[in-house]
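As the structure is a prediction and not an experimental result, all values here were calculated from the model.
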Amino acid sequence: MKFIVSSSYLQRNLQALGGVINNNNTLPILDNFLFELTGNSLKVSASDMETTITTILEVESQDDGNIALPAKLLLDTLKTFPEQPLTFHAENATTIISHDRGKSEIACASADEFPKTVSLNEPKSTTLMGDVLATAINKTIFATGNDDLRPVMSGVFFQLASDGLTFVATDAHKLVKYKREDSSATDTAEFIMPKKPLNLLKSMLQGNESEVLIEYNESNARFSFDDTAVVCRLIDGKYPNYEAVIPKENPNKLVISRTQFLNSVRRVSIFSNKTTHQIRLRMAGAELNISAEDLDYSNKADERLTCDYQGDDMQIGFNSRFLIEMLNNLNCDEVSLEMSLPNRAGILTPIDGLDEGERVTMLVMPVMLSQS
């Protein structure tokens, strides 16, 4: 089989697919890209068994055929070329790549060894704008857990319904609920997406205004957009009842500049205990006091910020790393932190900076304060 393709066009597309390939695969064939040529249409696939990405490229050819080419070697080669046409000619387990200054020979594997992409039987489906899905992933994926004993928490929970789409992530210390009331699904569905395919989708869909077709059944999901499809195995299990942990009555409400709050927490947290990362918030009147102390090294810091606070004077402890992560993930000028008691979760929401129909709720668990 023989085809001609632009070097930068091929590199750009293979780079996106290469993200799915693991560094140490149990099956050697998974170190390869699968090339399937039908006339001037070249379908390229990459897989790690759990997730498979395919994309269709336009090439100059009248041949049909398929080969598996080593991904790392091919990508490393393509990076060195300036924009130019490359001719691929595969014959007898060898592929020759010809260009204007010479040629390279790559040993290829049999395409028959490459795992077949999972087909979804009678899937349910919905469509979503690419940049909306990328934003939903971006807003939630940082809050997923890494606990192998609780695999359901290692992914993002998709809740698709006629009144809106909800995406939830939690690691039991922090929780993010991202809702789009301006998008809806015809079929109601719930499933848990693993992190790896979500990260790949996020980078491919950032700023993409194409529609994404999401198809899903009990065990797999497929995301199709432009000429690309991502098929992945879903995380099996029941997602925890996250609504039950979000406190409904929160009479103490703090409104403050996000940037000031974030910078202050960052500075003060440097002086916190290196194990607990604990900082203390004291609210009284229009003043917020942020402090931290590391008794092991006799280090401490405290700062005062002006704020709008409605509620009883109170103090509450948080892990500064969780608070910093959440504040970093919001694109707003002012945030609201609602609390009820020092041992109940605080609810962080943006006051501004949201699109119409966009809702973000972040929940951060407190840490018990030692009395001082």
Side-chain angles (χ1 to χ4, degrees), residues 5 9-38 41-59 64-75 78 108-128 130 133-134 137 141 144 151 154-156 158 189 191-206 208 210-236:
V5 65
Y9 171 59
L10 182 61
Q11 189 209 338
R12 190 169 62 249
N13 283 280
L14 293 189
Q15 198 80 47
L17 265 65
V20 79
I21 297 173
N22 293 330
N23 289 331
N24 38 10
N25 284 306
T26 44
L27 292 175
I29 192 67
L30 297 178
D31 293 334
N32 295 268
F33 290 122
L34 174 65
F35 281 49
E36 297 170 282
L37 182 66
T38 312
S41 176
L42 176 67
K43 181 178 170 187
V44 188
S45 308
S47 178
D48 67 355
M49 295 299 276
E50 300 283 321
T51 303
T52 301
I53 305 183
T54 60
T55 193
I56 293 171
L57 310 182
E58 281 185 30
V59 297
D64 293 350
N66 49 40
I67 47 166
L69 289 172
K72 187 175 185 313
L73 183 60
L74 189 53
L75 278 171
L78 289 172
C108 45
S110 165
D112 298 340
E113 293 176 41
F114 205 85
K116 297 281 176 277
T117 305
V118 174
S119 57
L120 279 68
N121 297 326
E122 297 180 10
K124 292 181 175 179
S125 67
T126 190
T127 54
L128 191 56
L133 181 57
I137 297 168
I141 201 163
T144 53
S154 68
V156 174
F158 280 48
F191 52 85
I192 308 167
M193 277 288 295
K195 254 189 287 214
K196 184 175 178 180
L198 286 178
N199 273 318
L200 293 166
L201 281 166
K202 182 178 79 168
S203 56
M204 287 191 275
L205 290 171
Q206 209 78 55
N208 186 322
S210 307
E211 273 202 341
V212 179
L213 172 65
I214 306 173
E215 298 166 283
Y216 43 89
N217 60 16
E218 290 296 309
S219 48
N220 295 283
R222 177 168 55 224
F223 296 76
S224 311
F225 51 96
D226 302 331
D227 290 318
T228 300
V230 177
V231 181
C232 70
R233 188 174 297 160
L234 299 171
I235 295 174
D236 191 27

Handout entry: No-hydrogen, no-angle side-chain donor-acceptor test under 3.5 Å, Ser45 and Thr54
Key = no

Problem - N/O donor-acceptor pair under 3.5 Å between Lys72 side chain and Asp31 backbone - result: no

Problem - Member of Ile214, Asn217, Ile235 meeting the side-chain contact (heavy atoms from CB on, under 4.5 Å) criterion with Phe191 - result: Ile214

Handout entry: Enclosure of Asp236 CG (heavy-atom neighbours >12, cutoff 6.0 Å)
Key = no

Completion exercise
Taken to the nearest 0.5 Å, the spacing of Ile141 CD1 from Leu198 CG works out to 5.0 Å

Completion exercise
Rounding to 0.5 Å, atoms CZ (Phe35) and CG (Leu69) come to a distance of 5.0 Å

Handout entry: Interatomic distance, Ile53 atom CD1 to Leu201 atom CG [nearest 0.5 angstrom]
Key = 7.5 Å

Handout entry: Gap between atom CG of Leu30 and atom CG of Asn24 - 0.5 Å precision
Key = 11.5 Å

Handout entry: Exam field: side chain Asp226 to backbone Thr228, donor-acceptor pair closer than 3.5 Å
Key = no

Fill in the blank from the handout: Closest non-hydrogen atoms of Ser125 and Glu215, given as atom of the first, atom of the second and distance, are CB-CG, 3.8 Å

Exercise for the section: Determine whether more than 12 heavy atoms belonging to other residues, nucleotides or ligands lie under 6.0 Å from atom NZ of Lys195. Expected result: yes

Exercise for the section: Step through the shown structure and confirm whether more than 12 heavy atoms of other residues, nucleotides or ligands are within 6.0 Å of CD on Glu58. Expected result: no

Exercise for the section: Mark yes or no for whether Asn22, through its side chain, and Asn25, through its backbone, hold a donor-acceptor pair below 3.5 Å. Expected result: no

Exercise for the section: Working to the nearest 0.5 Å, report the span between OG1 of Thr55 and CZ of Phe33. Expected result: 11.0 Å

Problem - Test item: Asn199 side-chain N/O and Lys196 main-chain N/O as donor-acceptor pair under 3.5 Å - result: no

Exercise for the section: Answer with yes or no whether the side chains of Asn208 and Ser210 bring together a donor and an acceptor at under 3.5 Å. Expected result: yes

Handout entry: Heavy-atom pair of closest approach, residues Glu218 and Leu234
Key = O-CD1, 4.1 Å

